[in-house]
2 protein chains.
Amino acid sequence: MSNAGDHETSRLDDAARAGWLYYVAGNTQDEIARKLGVSRQSAQRLVSLAVSEKLVKVRLDHPIARCMELAHGLTEKFGLVSCEVAPSDPDAPAALTGVAQLAAGEIERLLKSDHPKIIALGTGRALRASVEQLPKMDCPQHRIVSLLGNMMSDGAATPYNVVIRMADRVNARHYPMPLPVFARSIEEKQLLQQQEAVHNILELARQADVTYVGIGNIGDNAPLLIDGFVSREEMRALLKAGGVGEITSWVFDRGGRLIDGLTNDRVASAVLHIAPAKPVIAIAVGIPKAEAILAAMRGRLINGLVTDEATAEHLLNH
Amino acid sequence: MSNAGDHETSRLDDAARAGWLYYVAGNTQDEIARKLGVSRQSAQRLVSLAVSEKLVKVRLDHPIARCMELAHGLTEKFGLVSCEVAPSDPDAPAALTGVAQLAAGEIERLLKSDHPKIIALGTGRALRASVEQLPKMDCPQHRIVSLLGNMMSDGAATPYNVVIRMADRVNARHYPMPLPVFARSIEEKQLLQQQEAVHNILELARQADVTYVGIGNIGDNAPLLIDGFVSREEMRALLKAGGVGEITSWVFDRGGRLIDGLTNDRVASAVLHIAPAKPVIAIAVGIPKAEAILAAMRGRLINGLVTDEATAEHLLNH
DNA sequence: CAATTAGACGGGCAATTATTCGTTCAGCTC
DNA sequence: GAGCTGAACGAATAATTGCCCGTCTAATTG
């Protein structure tokens, strides 16, 4: 027994030596093989043994490292297809710029593709900030489609609609939705959606290759309330019905299931459509939104996320 | 200016991202390139930037790692061609076995060579212990030559002569030196060394491809004194003359310069012969020997060392 | 505004590393 | 002792990485 132990030990010792020579001293496996008096293949085995036995530990001395870990953790935990986490600035924890830059980078990569893509956009402050970060580009091959109306009920343009702004910047065909966010009744909603143009846009949105949306929380400081889309009474009713968040104004509960009735009856925006290969990516920041983000991931309303470090941390620790 | 800074920062961020994906997540550079939306070459540049900017830090979780560092440090500091450091067992700090195993490994690699080699051996407890660790081998192509006599002045065999023992184990031709360690006078020494056999052996030792020696300290607990080769008075005289250590009974001072006169007049052993390509490796352990080892390296009496962690640590911190 | 220059980029290629596969060998069973 | 088993080995080969070099871009300078 002691023999076997000794043998194992000396093998690990050699693995450690090989690992040191490789990672610390920067030797090639050939040199290690020569120094340790074994074949090159054995040296390779020793190095990979050192790795698999966790003898070598790699640490990344950069704020980004923590973000990458969080992103990886979220991806694993919620089965996302894409996740990015921007460093939080401790001096300005609520700032969107980090997240916006990150999201803009992701969108920019997407736009650089030569293959024509359909990009569907929701709404929200974070999404809008991201679009602001986009550089001027020329992408006539892509199409950008809105998931929801760009009008208040009174006909005024909504402040956070981003399709036009983005299309402006990147010179792509675009399809804003000529609807109010909420119809006044179920009947009006059906009527509106029967317009051919609207129908086409909804169909286009359904086919979107990538979808970016914001996430809103439900409550006193809900964007829907602040921006005047729903009344205080409606908000109270939504809360009472279990609503914790909304995406393109569709309100859902803790499990990410859409609430029956209430404002959802009158939402004119497209329903989110998840197919594993088609990313539906939320851009959302802030502890108050954590509950809503969690619910959206649980219910697989989204399969991608761009957020910041503080929010990501909170999401991983419930 | 702030632009340049931002640019640099985002480049480092990307480098960190790339480094994380490469070293932590185990992606290939191709995958990283795809994820970051750059060419593979750029990904490679980012990864190597992360390395050169010291963003990635590798740590080895194994006792060996410290030993490798110490060996590296000694090699640099004293311009050695070879250095190995065995882990010290905190429970038995004086134990030779770690060092002996390490040295035996090194010797074994040497013996495995098909090219005929001349191996010269000195004496000492550590060297003897190392030879004990050698496995049975069959190496008729090599020759093993003794650097010093294997007799006490009265004709008895010295206890630490190792040539015969090693030759036994590895079945190589061997050349023990039929001399006492010390002649009784300069004249006797000259007479003895004029024997043809002795002359040949000395010449062979001079040509040795590799030389292994022990190092003894000078003082009350000096091996030379304990083993009865020199008297207490002689030892006192050597100390007074500045002697700090000895190799094959040649006594040297702090600078590694051989002491003039005294016992050195009567030493019958070969003088160490250093050529950069020919390793002369000391196997020596113990804080009491540190001064002697340091002196030997300073004077370039040796260009290689096998020792243990505690001694190595002491050598590096003066 | 044109010329210059430093730096980044990507193609191509050489070096290095990872994996697969058939062979050998020590230890074990029967 | 014959045969089996599984680990270890090295050759071959596939994959990945590192580096050189011509080209291009953008900033600087005259």
Side-chain angles (χ1 to χ4, degrees), chain A residues 1-56 58 60 105 108-109 111-115 135-139, chain B residues 1-56 58 60 105 108-109 111-114 135-138:
Chain A
M1 292 302 120
S2 115
N3 260 342
D6 285 2
H7 184 251
E8 273 313 301
T9 304
S10 85
R11 191 169 166 74
L12 271 189
D13 283 3
D14 281 345
R17 251 184 280 272
W20 193 91
L21 289 168
Y22 190 71
Y23 287 105
V24 182
N27 291 63
T28 72
Q29 296 182 352
D30 252 325
E31 293 171 310
I32 296 169
R34 225 169 305 128
K35 289 183 191 178
L36 261 48
V38 297
S39 71
R40 196 189 62 70
Q41 289 88 337
S42 297
Q44 139 69 8
R45 283 183 186 106
L46 286 174
V47 171
S48 64
L49 182 65
V51 173
S52 67
E53 292 293 328
K54 306 288 168 59
L55 296 183
V56 298
V58 181
L60 224 88
E108 191 181 334
R109 281 199 287 283
L111 290 169
K112 274 185 185 155
S113 162
D114 285 335
H115 284 285
K136 281 272 180 198
M137 298 177 73
D138 186 53
C139 312
Chain B
M1 290 303 117
S2 115
N3 259 342
D6 285 1
H7 184 251
E8 274 313 301
T9 305
S10 85
R11 191 170 167 74
L12 271 190
D13 283 3
D14 281 346
R17 252 183 279 273
W20 193 91
L21 289 169
Y22 190 71
Y23 287 105
V24 183
N27 291 81
T28 70
Q29 296 183 352
D30 252 324
E31 293 171 309
I32 296 170
R34 224 169 306 128
K35 290 183 190 178
L36 259 50
V38 298
S39 69
R40 194 197 53 84
Q41 291 86 339
S42 299
Q44 138 71 1
R45 282 182 187 109
L46 287 174
V47 171
S48 64
L49 181 66
V51 174
S52 67
E53 291 293 328
K54 306 286 167 60
L55 297 182
V56 298
V58 181
L60 225 88
E108 192 182 333
R109 281 199 287 281
L111 290 170
K112 274 186 184 153
S113 162
D114 285 335
K136 280 273 178 198
M137 298 177 74
D138 186 53

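To find a chain, count down the sequence lines: A is the first, B the second, and so on, and within it residues start at 1. It should be emphasised that the depicted structure is a prediction, and the values quoted were computed from it without experimental measurement.
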Value for OG1 (Thr28(A)) from OH (Tyr22(A)), rounded to nearest 0.5 Å, stands at 8.5 Å
In this structure, CZ of Arg17(A) is separated from CG of Leu21(A) (nearest 0.5 Å) by 9.0 Å
Kindly give the heavy-atom pair with the smallest separation between [X] and [Y], and that separation in Å.
X: Ala18(B); Y: Ile32(B); value: O-CD1, 3.6 Å
X: Leu55(B); Y: Ala15(B); value: CD1-CB, 4.4 Å
X: Val47(B); Y: Tyr23(B); value: CG1-CE1, 4.1 Å

Tell me, which of residues 30-49 of chain A have any heavy atom that sits under 4.0 Å from an atom in DNA chain D? Ser39(A), Gln41(A), Ser42(A), Arg45(A)
Ordered by number, residues from residues 18-29 of chain B within less than 4.0 Å of DNA chain D (heavy atoms) are Tyr22(B), Thr28(B), Gln29(B)
Which donor-acceptor pairs under 3.5 Å do the side chains of residues 34-42 of chain B make with protein atoms, sequence neighbours left out?
unit_1   : atom_1 : unit_2   : atom_2 : d
Ser39(B) : OG     : Ser42(B) : N      : 3.2
Ser39(B) : OG     : Ser42(B) : OG     : 3.1

Leu12(A) vs Glu53(A) side-chain heavy atoms within contact, under 4.5 Å: yes
